[in-house]
Amino acid sequence: MRRFAQLYAALDDTRATLVKLAAMHRYFATTPPEDAAWGLFFLLGNRLKRVIPSSRLRTWLGEATALPDRVIEESYAHVGDLGETIALLFDRDDRHEPAEDLPLHVCVERLQALQNSDETAQREFVTQQWRELPFLECLLFNKLLTGSLRVGVSAGLAARALAEHAGIDTPLMQARLMGDWKPGVENFATLLARDASSRPVSQPYPFCLASPLEDAPASLGDPADFLVEWKWDGIRGQLIRREGQTFLWSRGEELLDGRFPEIEAAAASLPDGTVLDGEVLAWNAQGVMPFAVLQKRIGRKTLGKKVLADAPVVFRAYDLIEWQGEDWRTRPLSERRDQLERLLAGADPAAALQLSDVVRAADWSDLALLRETARERGVEGLMLKRLDTAYLAGRKRGSWWKWKVGALTVDTVLLYAQSGHGRRSNLYTDYTLAVRDGEALVPVAKAYSGLTDEELNQMDRWIRAHTLEKFGPVRSVEALQVFEIAFEGIQASSRHKAGVALRFPRIARWRRDKAVADIDTLDDLKKLLPSP
Amino acid sequence: MDLITVTDKGLYCPAGDFHVDPWRPVPRAVITHAHADHARTGSKHYWCSKPGLNLTRARVGLGGGITAVAYGQRFTLGDAQVSLHPAGHVLGSAQVRIEAHGQVWVVSGDYKRDPDPTCAPFEPVPCDVFITEATFGLPVYRWQPPEEIAREIFDWWQECKAKGECAVLCAYSLGKAQRILAELMRFTDEMVYLHGAMTQLVKAYRQEGVAMLPTDAIGNQPKFFDWKGRLVLAPPGAAGTPWIKRFKPASVGFASGWMRVRGSRRRQSWDRGFALSDHADWDGLLKSIEQTGAKRVLATHGNTDALIELLRSRGIDASELNTEFEGEHGANRPLDAAEEASA
């Protein structure tokens, strides 16, 4: 675990890509494969299932440190990270560090075995690690324990480091890492193999991601060079048909098998060796349904008749990345699209496998007008894909653009603030914001981002100076600060006090020019609700 | 009867009719140390410790009279017997012992327990009531020995040198900067370069006989001076300003107790953090309180809640005293460059 702790610290210490790569090279070069496989697992952003609930850890922490609960709570609120709080509390001069390093894979095995132990054995093991592990390793151990380990690299950069270590191309490594890669000595050796070994039948390709279009679309050149589509608001998916089997992957590389039987049934008609890129959407005779409807299906494995009838789903395909068992990603989009259209040409429009339509317009200004209709069509905007480009892995600027409609905005007032986590610990950054409802102020959103560091610091001082009450880590403040928040959508919600729920709310601007009398009302917000 | 109460002007002793570290002008002010939130201008007459005289005079100006008192020497104000005792915070820092009406109260000012070659060590003073600071009053704050931190700073400087970078270390102009210059004498005798806010303060320390590395002002260097491999000390407020660009390529570190917690360091994007503080850590606070034997403790500034909770669990009558003291900057508030520059 020592090597991984050193890697973790090195990645945490720098923002320079080359330094991060060098740290990962060093790690892969010096670490035995049984540990490096797990190291890679975490570098790719995977986490262990949480073994022990944090409430239980806090109880043990109180017992092991003999500190009053309140003192531990204050410490946690201040540090903003339970794993770090524990590591700090046990980082004492009088600690007896073990001579032997606990190898990462052994640590993981023991943690996984803990799930079946009784509480006494769990506590015994965990508190012993707290007392013995050096600070950084203790921090890591806690993060593994709570399933909250985050390493300071993207999965793409980790794949690049491993590819360079193995002496193979990064895209090949990314492809090998796709799907549910399981850490282990053999799998790790397969990753590093220089020859193209056989891939599992279910293995997906890395998704091609679009960049947000910030400049005027005219900056992209001639609209005739682009394939234009609606930007759907569903689940991005990759539908694989190989060797008589169907696999549906989400963009988060999660296998969605069994969740959407309609789609799997429709995919059975595809020839073997076909991989489609597209969107899972809730869809009825009138067309696309709100994301909230699709949400009823997400995470549900047993599907009753009612759910299937209320929330029917389709897969709308917009790209063909494997055809007749051949990787088509290097072919231009125009060729891939032609073949996709031929493939799905005769399909029943009511079937669960559909062709995503192309948006046609004479020029950018016509497209801009169409884009304005996005919200009423239930889409997020337009996708602009350059017709002559290959299907690239990840977000590479220039070939795919998302041109979303502007967000909705509303002026709100700050009611409560809570300190953040990680780099925002001990800083009041998480805001609960309200609109007016008659004389009352009703919370409508929690927002965590949108202000600059400088503004966050100013607000932090303001919050401390204008606190009305403290509720543990939360402070209520005088209702004086107005923020304009932006959000992607709004829906009726019985779970929220205001009766509405906002999608992706974030702070657009700090309206120092506005007073609380100027903020929007709940009625203003409800006018934005989609008509039922 | 309480020997100290809080008024809108600061901590007030009715028996002696004087204030301790008042934040508004008063007739009589006893000053614990020369940091801006403790030594303010405008009062008629000041008392401070002998080693702190030059620093206090520089801070409060020449407007009021100043009486410098040796540590431990008693003097009378009204009905109160007053004396100053070393607090170990910065040069000349003092605790104020007040005896009147058969009681002894001690106002700690800011203090620490770790060894510091630039000032006299904290002296536990037995008392009935102890008014303590609580800047780092959380058990997550425990300091490593200062020589270990000094070693880390020196190693970082050498790493910068090897990489062809300038090592810019941000630190409090009064106290921390001089402590670093003194601690680094263990490893080197190389010149260190100072921001303008520090030169006078370093000079004042030298006048009191504190041994430190040789220093020169940044402003004295020629225009195209090669900063590679040099160590530069600057107030924290200088970070992120155009002024600091001249040292590029540079690694910018911060020496502050807050650097113990990763979030503080990452938020402010310091390249390196060194948890070196002139305040007592959690164990230091508890040990000091215990050594005074005080049955009643009033916590003035910082993370008072946890400290009070723990003291109460040990049967001590502990509560909060609301003051305008600020403790150590750098946890959340951006450092005010102008304020630091005047230090």
Side-chain angles (χ1 to χ4, degrees), chain A residues 8-9 12-16 19 61 65-81 83-95 135-136 139 152 419-429 452-465 470 472, chain B residues 114 134-145 148 156 159 163 165 239-240 249 251 253 257-273 275 281-283 285-286 302-314 318 324 326 329-336:
Chain A
Y8 178 79
D12 191 47
D13 248 1
T14 181
R15 282 154 288 160
V19 180
L61 184 59
T65 58
L67 288 169
D69 289 348
R70 174 91 191 281
V71 173
I72 288 183
E73 271 165 40
E74 289 278 335
S75 298
Y76 175 43
H78 178 84
V79 176
D81 180 315
E84 187 180 351
T85 307
I86 295 170
L88 285 167
L89 289 176
F90 282 93
D91 188 24
R92 310 181 56 114
D93 304 339
D94 53 4
R95 180 178 28 204
F135 174 74
L136 258 181
L139 173 66
S419 53
H421 295 268
R423 67 185 287 274
R424 295 164 148 214
S425 70
N426 191 23
L427 191 67
Y428 287 91
T429 56
T452 63
D453 283 358
E454 175 61 31
E455 288 172 327
L456 282 175
N457 278 326
Q458 288 178 17
M459 271 308 296
D460 179 77
R461 262 176 301 165
W462 186 89
I463 288 162
R464 287 169 200 269
K470 289 190 206 173
Chain B
D114 283 329
T135 306
F136 291 104
L138 287 168
V140 292
Y141 288 104
R142 281 200 186 86
W143 310 144
Q144 282 170 259
E148 280 180 25
W156 165 71
E159 281 164 30
K163 284 192 280 186
E165 291 176 350
S251 174
W258 300 114
M259 297 297 101
R260 179 91 172 120
V261 171
R262 292 187 321 144
S264 303
R265 178 167 58 79
R266 286 159 63 198
R267 177 168 66 247
Q268 300 176 10
S269 301
W270 300 105
D271 297 319
R272 280 295 293 270
D281 64 5
W282 174 257
D283 290 339
L285 290 169
L286 292 177
N303 288 290
T304 52
D305 292 0
L307 183 66
I308 289 167
E309 186 70 19
L310 190 102
L311 292 173
R312 286 183 182 166
S313 78
R314 294 184 177 179
E324 293 183 14
E326 292 168 354
H329 284 280
N332 300 307
R333 43 195 90 215
L335 290 134
D336 185 335

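First the proteins, then the strands, lettered A, B, ... as listed; each starts at 1.
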Interchain contact, B/R312 with chain A, by part (heavy-atom threshold 4.5 Å): neither
Chain B contact via A/I86 - side chain, backbone, both or neither, heavy atoms under 4.5 Å: neither
Proximal component of B/D283, with respect to chain A [non-hydrogen, under 4.5 Å]: side chain
Top contributor to chain A contacts, counting heavy-atom pairs under 4.5 Å, from B/I308, B/D305, B/L307: B/D305
Set of residues satisfying side chain to side chain contact (heavy atoms under 4.5 Å, CB included) with respect to A/I72, sequence neighbours excluded: A/L61, A/T65, A/L67
Any donor-acceptor pair under 3.5 Å from B/N303 side chain to B/F136 backbone: no
Aromatic ring pairing A/H78/B/W258, orientation class (parallel under 30°, perpendicular over 60°, tilted between): tilted
Partners meeting side chain to side chain donor-acceptor pair (under 3.5 Å) with B/S251 (sequence neighbours left out): B/W156
